[in-house]
*Asks:* 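After the C-alpha cells below, expect a handful of questions from me.
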Amino acid sequence: MKRTQETLVVRSGLNVDQQHGSVVPPIYLSTTYNFLDFNQPRKHDYGRRSNPGRDEVQQVLAALEAGHAAVLTGSGMAAIHLICTVLLTPDDLLVAPKDCYGGSYRLFDSQQKRGAYKVLFIDQHDPQQLSTALALKPKVILIESPSNPLLRIVDIVSIAQQAHNVGTIVIADNTFLSPYVQQPLLLGADVVVHSCTKYLNGHSDVIAGVVITKHADLADEFAWWANNIGVTAAPFDSYLLLRGLRTLPLRMVQAQQNALDIVNFLKQQPKIKKLYHPSLPEHPGHEIAKKQQRGFGAMISFELGGGETEIRQFISALSLFTLAESLGGVESLISHTATMTHAAMSKEARHAAGISDSLLRISVGIEDSKDLIADLAHALQLIA
Ligand code: PLP
C-alpha cells in the first residue's frame, strides 16, 4: 500500500528486532558479520559495504525522493564527490551554477585544476548561457534550486528536458528544500544529492550525505563505488538520521510558516535593503517555485543597510539566531555569507555571483515565529 511521506518516516524500521521485539530499530555497531560457511556470507558481511541501520535510512530516503535506491555517505561533499567520481573522467565536462554552494564550487574548481574533469560555471537562469553550455554536450549538469545563498530558482523540468536532448545527466542538489518540499526526480532529474546534515537530519548533530537515483544501473554503480572508495556513513549517524527524519514533514511545515511570517516582517523594515525569498511575488522565481515546490523553503537572505559595523551590531544584538554556518536544524541560525559559507570563493567570484559583503542568510528554525520576529525587531532598532 502506498503511504504518505508523513506515515513513511514515522513507521520505517519499526519492529524489525526479532530477538527482543524492540520497537525502535537497534544500532548495529559491529564492523563485521560471521559467515555461515566458506563462500556463504549473510546479507551483511562488512560494515563499509552495508549496515542494517544504514540500509534502512537509504530505503526511506529513496522512497521520499521517489528514487530507485540511495547511498548514504559520510557528508554531503562526499556524496557530490562520489557522483563526480562515478560519472566524470578527465575529458568530461560538468556544468554547474556559478552561484552554487561554496564547498561544491571549491571541489569542482580544485578537481578541474588537477585534471580530474572539466567544469563550466554558468548562470543557469540565462537561456543563452545554458544553451551555449549544453551545445558542448556536457556529461553532467548540476542544478541547485533554490541556490545558496541568493535562493534563485530554476525550472527543473525545462533544464532536464534541454539537458536530456543532448544526452546530459541531470543532478539536483535538493539540500535547501528536502523531498517534503521538492522532488527533483519527478521533475526530470536523474540523480538527487543532499547534505543530510541539514533538513533531513534536522538537529545539527550529524554530518552525512546521500545520493539517490531513479536508474537501477546508476544506483548499482554508486553503491559499488561508495564501498570502493570508502565514503559510506557510520552506523550511529545513520541511526540519528532515521530518528531526525521521523519529524521531517512537521519540521518543514513549521519552519516554512515561520519563514513566511519573518519575510512579512522584514519586507516592511526600511533598514533591510534587499530581501531574497521565493515567496515574494517580485522574486524572479516565484511562479516556478509555486509550480515545482510545496512551499517556499525556510531560508531567507537579506542585505542590511550600513557597513560592517552595523552588521556586527545587528548580529551581536540577536539572541535567538546563532551566528553559525549550516542550515536546516530546529534552531534558527544566521550567517555572514562573505566570511563564512562562501569564504572559499574569491571576492571576484562572489561578486560575479551577486553575493555582496553585506549579505546575511538566516536558516529559520521551528521556534515560535513571534519570538523570532521580536528578536529581529529588537536588533534592528539598535542599529543606526
Ligand atoms: N550542498 C549544499 C547546498 C550545502 O549547503 C552543503 C553544505 O552546506 C553541502 C552540499 C555539503 O554538505 P556537507 O556539509 O554535509 O558536506
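Just so it is clear, the model here is predicted, and its values are computed rather than measured. Ligands are counted one by one from 1 in listed order, and the atoms in each one are counted from 1 as well.
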*Asks:* Mind checking whether Phe121 and Tyr105 have ring centres under 6.0 Å apart?
*Replies:*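 Close enough - the centres of the two rings lie under 6.0 Å apart.
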
*Asks:* Does only the side chain of Glu325 get under 4.0 Å from ligand 1, or the backbone, or both, or neither? Count heavy atoms.
*Replies:*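 Near ligand 1, Glu325 shows nothing, with every heavy atom at 4.0 Å or more.
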
*Asks:* Under a 4.0 angstrom heavy-atom cut-off, which atoms of ligand 1 come close to Ser75?
*Replies:*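 Counting atoms of ligand 1 from 1, those under 4.0 Å from Ser75 are 15 (O), 16 (O).
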
*Asks:* Is the closest heavy-atom distance from Ala208 to ligand 1 below 4.0 Å?
*Replies:*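 It does, in that a heavy atom of Ala208 comes within the 4.0 Å cut-off of ligand 1.
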
*Asks:* For a quick check under 3.5 Å, do His336 and Asp357 share a side-chain donor-acceptor pair by atom type?
*Replies:*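 His336 vs Asp357: no donor-acceptor pair found between side chains.
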
*Asks:* So is there a nitrogen or oxygen of Thr197 less than 3.5 Å from a nitrogen or oxygen in ligand 1?
*Replies:*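 Yes: some nitrogen or oxygen of Thr197 is under 3.5 Å from one in ligand 1.
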
*Asks:* Give the residue and atom name of whichever protein heavy atom lies nearest to atom 1 (N) of ligand 1, and the separation in Å to one decimal.
*Replies:*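 Scanning the protein heavy atoms, the shortest distance from atom 1 (N) of ligand 1 goes to Asp173 OD2, 2.7 Å.
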
*Asks:* State if His194 counts as touching ligand 1 under the rule of any non-hydrogen atom under 4.0 Å.
*Replies:*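 Under 4.0 Å: no for His194.
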
*Asks:* Using a heavy-atom cut-off of under 4.0 Å, does the side chain or the backbone of Cys196 touch ligand 1, or both, or neither?
*Replies:*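 Looking at Cys196 and ligand 1, no heavy atom falls under 4.0 Å.
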
*Asks:* Nearest protein heavy-atom contact for atom 16 (O) of ligand 1: which residue, which atom, what distance?
*Replies:*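 Looking only at protein heavy atoms, the one closest to atom 16 (O) of ligand 1 is Met77 N, 2.9 Å.
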
*Asks:* Taking both backbone and side-chain atoms of Gly76, is any N or O found less than 3.5 Å from an N or O belonging to ligand 1?
*Replies:*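 N/O-N/O distance under 3.5 Å: yes.
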
*Asks:* Would you say the side chain of Tyr117 lies within less than 4.5 Å of the side chain of Cys84, judging by non-hydrogen atoms?
*Replies:*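 Yes, side chains in contact.
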
*Asks:* Is there at least one pair of N or O atoms, one from Ser195 and one from ligand 1, spaced under 3.5 Å apart?
*Replies:*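 By distance alone, the answer is yes.
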
*Asks:* Check ligand 1 against Asn148 and write out every atom of the ligand that is under 4.0 Å from a heavy-atom position of the residue.
*Replies:*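 In order of number, 5 (O).
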
*Asks:* Considering only non-hydrogen protein atoms, determine which one is nearest to atom 4 (C) of ligand 1 and report residue, atom name and distance to 0.1 Å.
*Replies:*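 Result for atom 4 (C) of ligand 1: Tyr101 CG, 3.6 Å.
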
*Asks:* Does the pair His283 and Phe296 meet the rule for a ring pair (Phe, Tyr, Trp, His ring centres under 6.0 Å), with working shown?
*Replies:* CA-CA 11 Å; His283 186 288; Phe296 295 105; 8.9 Å; no

*Asks:* Side chains of Ser332 and Leu372: closer than 4.5 Å at any heavy-atom pair?
*Replies:*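 Contact flag for Ser332/Leu372 side chains = yes.
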
*Asks:* Would you call Pro149 and Ser301 a side-chain contact if the rule is heavy atoms closer than 4.5 Å?
*Replies:*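 Counting from C-beta outward, Pro149 and Ser301 do come under 4.5 Å.
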
*Asks:* Can you tell me the protein heavy atom closest to atom 8 (O) of ligand 1 and the distance?
*Replies:*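 Protein heavy atom at minimum distance: Lys198 NZ, 2.9 Å.
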
*Asks:* Is Asp92 close to Val140 at the side-chain level, that is, under 4.5 Å between some pair of heavy atoms?
*Replies:*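 In short, these two side chains do not touch, never coming nearer than 4.5 Å.
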
*Asks:* Between Tyr199 and Arg251, is there a cation-pi geometry (under 6.0 Å to ring centre, at most 45° from the normal)?
*Replies:*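 The answer is no; the distance or angle limit is not met.
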
*Asks:* Compare all side-chain heavy atoms of Leu120 with those of Leu93 and state whether any distance is below 4.5 angstrom.
*Replies:*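 The answer is yes; the side chains approach within 4.5 Å.
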
